[in-house]
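Here the structure comes first, spelled out in C-alpha cells, and everything after it is commentary.
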Amino acid sequence: MDMQNRVVIGPSGTTAEDVVAVARGLARVELSDEALAALAAARRIVEDLAAAPDPVYGVSTGFGALAVRHVPAGLRVQLQRNIVRSHAAGMGPRVEREVVRALMFLRLKTLASGRTGVRPEVARAMADLLNARITPVVHEYGSLGCSGDLAPLSHCALALMGEGEAEGPDGRVRPVAELLAEHGLAPVELREKEGLALLNGTDGMLGMLVMACDDLARLFTSADITAALTLEALLGTDRVLAPELHAVRPHPGQAASAANMLKVLAGSGLTGHHQDDAPRVQDAYSVRCAPQVAGAGRDTLAHARTVAERELAAAVDNPVVLPETGRVESNGNFHGAPVAYVLDFLAIAAADLASIAERRTDRLLDRNRSHGLPPFLAGDAGVDSGLMIAQYTQAALVSEMKRLAVPASVDSIPSSAMQEDHVSMGWSAARKLRTAVDGLTRVVAVELCAAARAVELRAADGLTPSPAASAVVAAAREAGVRGPGEDRYLAPELAAAEAFVRGGGLVAAAEAVTGPLA
C-alpha cells in the first residue's frame, strides 16, 4: 500500500496490512499491469479448452455432484449465471461491512493471480465495486468452509451481475442495479468458468482471520498493561518478570509479555510491599503466571499469522489454471482446514486470556485477597457496591468465551449428495472468533477499570505508582473511565473503557512513557 491509501494488486498475492487497509480503511484498489497480463493469459487457456470437444470441469460441465453433465456452448452463459443465483442462498443477519470488503478484496487477489481464468474485465468490475464502496448484502449462514465460502461469495458475485441488494456509501441498503447506475458501472455477463471462479475460495474466513490477528495483537499488549497495573495494585512483586527467569523456558511470547510488564512497572513504588504487613512468598497464579498465559497466546497468534501469510500468497480456486502447462485441473485447495484450525486455536487463546484477567479483577475486588483495598473498590462499601456487578458482567463474558472456544473445525457435516463429504466449517470458526475478540476487549476493559481505581487508591495512601501506570490512569480518566466515588450508573464508564482499549488508547498511553511495547 502506498501513502495515498491505495492498494495495488499483483499476481503474487497480498499482505495482511493491505487487507486491513481495504476492509477497514476503505483504501482504493488497483490492478497492476502484471496482474492484467496474467488474467489475459489464463483466459486464453480457458477459451481454448471451452472450444475443445472434451468436457472440462467448471468450463463445460455442471458443478459438484452435477459435474457429470456436459453443458453445450449455447448454455454456458446461463450455467455461470445460474450457479451464482442458486448459490446466493445465505440466510440470517447481515455480516459486517469490513468482512464483506475483506472477502471481496481477497477474491480479487486470487483472480489477479492468473490462476482462475476469468477475463480482466471481471476483475476490474470487482475493483470498481470496492472503490465505489458498494458492499453487497452477505448473510451470516451459508458457508461450510469447503468448496469455498460459497454463499457469501455468491452474494458478492450476484452484485457484479447487477442483482441482489447492497449497502451504498451512505450506509443505505438498496437494489444493486440502482447503485451501479449511480456510479456509472455496468453489470457483468459471466462466461465460461467465471461464475465458479468467483465462488470457490477461503476468502471470508481468511479475511476474518487477518482482522482478528490485527485485533488480538493489540489486545495481548493491552492485557500485559492491565496485568501490570493489577500487580501494582495488589502490591505484588515484579521479580518474577526478570528476563533471566523467562530465558529458562524460552517461549518467545512469554518473554515478550514479561518484558512489557516490566516496562510498565519501571519506577513503581508499589511493587514489593506485599512483604510489609502480611508477608507473601508468592503472588497468586493469575498475577505471577500472567506472562506465561498471555505469552502462549502470543505464540499462538504468531502461528496463525504464518498460516494467514501462506494463504494470502495462495490462489485458491477449483479448477485451477496452470499457465505453465496450459492445463485446467481440479484440486482440493479450497478446503478451509488450515485456516479453520487456527481460527479455533485463537478462540481458545482468547478465552484463556480472558479467564486469567477476570481472576485478577476478582482478586482486586475481594477485601480478603486485595491486601488493604476496600471491598469491591467502593467509595463507601455497604452503601456503595463499587465494581461488584462489573465483575459479574466480566464473568458472563468469560463464560460465553469458553463456549465459543469449542472448535468448529471438528464438526464436519456432509453436503452435495455426499460429493462434498468432509468440510472445514471455517466460516463458522471465524464468526465465533469475531465474537470472542469482542468479548476479550470488554474483559480487558473491566480489568482496566478495576486496576485504575485500585492504583489511584494506593496513591491516595501515599504509595507512588509507576510513571507508565500514572499515565495510563490519567488517559483513561480523560477517556471517560472514572475513579473511585459514590455509586453511579456504570455502563457509560465500562463503554468508555471498552472504546479506550478497542481504539488503541490504552497501548498508546503506556507507550508514551515506556516506548514501543511488543
- Query: Can you say whether the rings of H155 and H139 are parallel (under 30°), tilted (30 to 60°) or perpendicular (over 60°)?
  - Reply: perpendicular
Item checked: Heavy atoms of other groups near E478 CD, more than 12 under 6.0 Å -> no
*Salt bridge or not for R172 and E167, using N-O below 4.0 Å?*
no
- Query: Quick one: do R24 and D214 make a salt bridge, cutoff under 4.0 Å?
  - Reply: yes
Test item: side-chain donor near acceptor, T441 and E498, under 3.5 Å: no
Pair R502, D438 - check salt bridge (charged side-chain N to carboxylate O under 4.0 Å, His left out), show working.
CA-CA 9 Å; R502 190 184 299 277; D438 279 345; 2.9 Å; yes
Shortest non-hydrogen pair, A123 vs L108, comes out as O-CD1, 3.3 Å
Checklist entry - Between P136 and L129, is any pair of side-chain heavy atoms under 4.5 Å apart? => result yes
- Passes salt bridge (charged side-chain N to carboxylate O under 4.0 Å, His left out), R363 versus E447? Steps please. CA-CA 11 Å; R363 186 165 288 271; E447 184 181 16; over 6 Å; no
Salt bridge or not between R107 and D149? Use side-chain N to carboxylate O under 4.0 Å. no
Looking at A469, is its backbone amide N or carbonyl O close enough to the side chain of S466 to form a donor-acceptor pair, meaning the two atoms are under 3.5 Å apart? yes
In terms of heavy-atom contacts, V481 and C449 come closest through CG1-SG, 3.8 Å
Q) Less than 4.0 Å between a side-chain N and a carboxylate O, is that true for E400 and R403? A) yes
Q: Go through the steps for L231 and R360 under the test side-chain contact (heavy atoms from CB on, under 4.5 Å), then give the verdict.
A: CA-CA 9 Å; L231 185 152; R360 289 193 296 264; over 6 Å; no
* Indicate yes or no for a side-chain donor-acceptor contact from S154 to the backbone of L150 under 3.5 Å, with no hydrogens or angles considered. => yes
Taking only Lys NZ, Arg NE, NH1 and NH2, and the carboxylate oxygens of Asp or Glu, determine whether R434 and E98 approach each other closer than 4.0 Å. yes
Please confirm whether the backbone N or O of G10 pairs with a side-chain atom of K109, one donor and one acceptor, at under 3.5 Å? no
List the steps and the verdict of side-chain contact (heavy atoms from CB on, under 4.5 Å) for V84 and Q80. CA-CA 7 Å; V84 173; Q80 300 301 318; over 6 Å; no
query: Are the side chain of S143 and the backbone N or O of A151 linked by a donor-acceptor pair below 3.5 Å?
result: no
For the pair E165 and R94, find out whether any cationic side-chain nitrogen is under 4.0 Å from an anionic carboxylate oxygen. no
Test side chain to side chain contact (heavy atoms under 4.5 Å, CB included), reference L190, set L198, V118, L196, output is L198
- Query: How far apart are the C-alpha atoms of H335 and H422, what are their side-chain angles, what is the distance that settles it, and do they pass the side-chain contact (heavy atoms from CB on, under 4.5 Å) test?
  - Reply: CA-CA 9 Å; H335 200 289; H422 186 276; 3.3 Å; yes
Closest non-hydrogen atoms of R101 and L130, given as atom of the first, atom of the second and distance, are NH1-O, 3.0 Å
Determine, stepwise, if the pair D224 / R298 fulfils salt bridge (charged side-chain N to carboxylate O under 4.0 Å, His left out). CA-CA 11 Å; D224 290 341; R298 284 178 174 273; 2.9 Å; yes
Note: L312 and T15 closest approach over all heavy atoms is CD1-C, 3.8 Å
N260 side chain to A518 backbone, donor-acceptor under 3.5 Å
yes
Tell me if a side-chain donor or acceptor on S32 pairs with a main-chain N or O of A35 at a distance below 3.5 Å. yes
Evaluate whether atom CZ of F334 has more than 12 neighbouring non-hydrogen atoms of other residues, nucleotides or ligands under 6.0 angstrom away. yes
On a heavy-atom basis, the closest approach of L346 and C213 is CD1-SG, 4.2 Å
Salt-bridge criterion met for R28 and D128 (N-O under 4.0 Å) = no
Worksheet item: Do NZ/NE/NH1/NH2 and the carboxylate oxygens of D344 and K432 come within less than 4.0 Å?
Response: yes
So, does W427 use its side chain to make a donor-acceptor pair with the main chain of Y141 at under 3.5 Å?
-> no
I225 and A510 have their tightest heavy-atom pair at CD1-CB, 3.6 Å
Next item on the list: Please step through side-chain contact (heavy atoms from CB on, under 4.5 Å) for the pair R97 and L26, ending with a clear verdict.
Entry: CA-CA 10 Å; R97 180 181 68 172; L26 305 181; 4.0 Å; yes
- Query: What do the steps show when you test K193 against D317 for salt bridge (charged side-chain N to carboxylate O under 4.0 Å, His left out), and what is the final call?
  - Reply: CA-CA 11 Å; K193 195 183 178 302; D317 194 17; 2.6 Å; yes
Self-check item: Neighbour count above 12 (heavy atom, 6.0 Å) for R482 CZ
Solution: yes
Item to check | Under 3.5 Å donor-acceptor, H183 side chain and L179 backbone | outcome: yes
Q. Would you say the side chains of S147 and E420 form a donor-acceptor pair under 3.5 Å?
A. yes
Is there a donor-acceptor pair closer than 3.5 Å between any side-chain N or O of S86 and the backbone N or O of I83? yes
Polar side-chain atom of S113 near backbone of T110 as donor-acceptor pair, under 3.5 Å = yes
